Amino acid sequence: QVYLVESGGGLVQAGESLKLSCAASGRTFNHYTMGWFRQAPGKEREFVAATSWDGGSTDYADSVKGRFTTSTARARNTVYLEMNKIQPEDAAVYYCAALWGVENYKHAPEYDYWGQGTQVTVSS
């Protein structure tokens, strides 16, 4: 059984930073792309960032490029999303997900496994 467990969400003020973690277990993830998505109330789930398991390849949504960084700690089977200069529009539930391979990594329905999500709330 594969488990992805996000943590690190919370309430922050605009301009502050937050680091989300995603602990992965249940299989080896060497051939997986690890994605971060977010969903705000009344909106569709949207792509935020993705990384290869070895961390050698990353990509970001334009809205977070230059502010967010995703990375992996393979020894800990953990993926991170470091969020800097957080803005009110970043408020959402953030999900970690795993996709076998790399195709269509920006598309949520392609992903094989999902975490339960962690809430990020931003006060301005």
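Just so it is clear, the structure is predicted and the values come from calculations on it, not from any experiment.
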Quick one: salt bridge (Lys or Arg N to Asp or Glu O under 4.0 Å) pairs with a partner in residues 16-41, sequence neighbours left out?
-> R38-E46, R38-D90
Between A49 and L81, which heavy-atom pair has the shortest distance, and what is it?
-> CB-CD1, 4.1 Å
Check whether any side-chain heavy atom of Q87 lies under 4.5 Å from a side-chain heavy atom of V122, and answer yes or no.
-> no
Within a reach of under 6.0 Å around CD of E89, are more than 12 heavy atoms found that belong to other residues, nucleotides or ligands?
-> yes
Between N30 and T28, a side-chain donor and acceptor under 3.5 Å | no
Could you give the distance from CD (Q13) to CD1 (I86), rounded to the nearest 0.5 Å?
-> 11.0 Å
Reported NE2-to-OG1 distance for the pair H31 and T33, which is rounded to 0.5 angstrom | 11.5 Å
Going only through I, L, V, M, F, W and Y residues with side-chain contacts under 4.5 Å, is there a path from Y80 to V48?
-> no
Heavy-atom closest contact (L4 atom, C96 atom, distance) = CD1-O, 3.8 Å
Under a single-linkage definition using a 4.5 Å side-chain heavy-atom cutoff for Ile, Leu, Val, Met, Phe, Trp and Tyr, are W36 and W100 assigned to the same hydrophobic cluster?
-> yes
Under 30°, 30 to 60°, or over 60°: which ring-plane class applies to F68 and Y94, parallel, tilted or perpendicular?
-> tilted
When clusters are formed by joining ILVMFWY residues with side-chain heavy atoms under 4.5 Å apart, either directly or through shared neighbours, do V79 and Y113 land in the same one?
-> yes
Counting N and O atoms only, with roles assigned by atom type, does the side chain of N77 sit under 3.5 Å from a partner on the main chain of A24, one being a donor and the other an acceptor?
-> yes
Sidechain-backbone polar pair: S124 side chain, A14 backbone, donor-acceptor under 3.5 Å | no
G26 backbone acceptor or donor facing Q1 side chain under 3.5 Å = no
To the nearest 0.5 Å, what is the distance between OG1 (T78) and CG (L20)?
-> 12.5 Å
Do other residues, nucleotides or ligands put more than 12 heavy atoms under 6.0 Å from the NZ atom of K85?
-> no
Would you call the rings of F37 and F47 parallel, tilted or perpendicular, where under 30° means parallel and over 60° means perpendicular?
-> perpendicular
To the nearest 0.5 Å, tell me how far M34 CE sits from Y111 OH.
-> 9.0 Å
What's the shortest heavy-atom distance between A92 and Q119, and which atoms?
-> O-NE2, 3.4 Å
In Å and rounded to the nearest 0.5 Å, what is the CE to CZ distance from M83 to R67?
-> 7.5 Å
How close do Y60 and K65 get, heavy atom to heavy atom, and via which atoms?
-> O-CE, 3.5 Å
A98 and Y32 have their tightest heavy-atom pair at CB-CD2, 3.8 Å
Closest heavy-atom pair and its distance - S17, N84 | OG-OD1, 2.8 Å
So CZ of F29 and CH2 of W53: to nearest 0.5 Å the spacing works out to 6.0 Å
Would you confirm whether T118, through its side chain, and E6, through its main-chain N or O, come within 3.5 Å as a donor-acceptor pair?
-> no
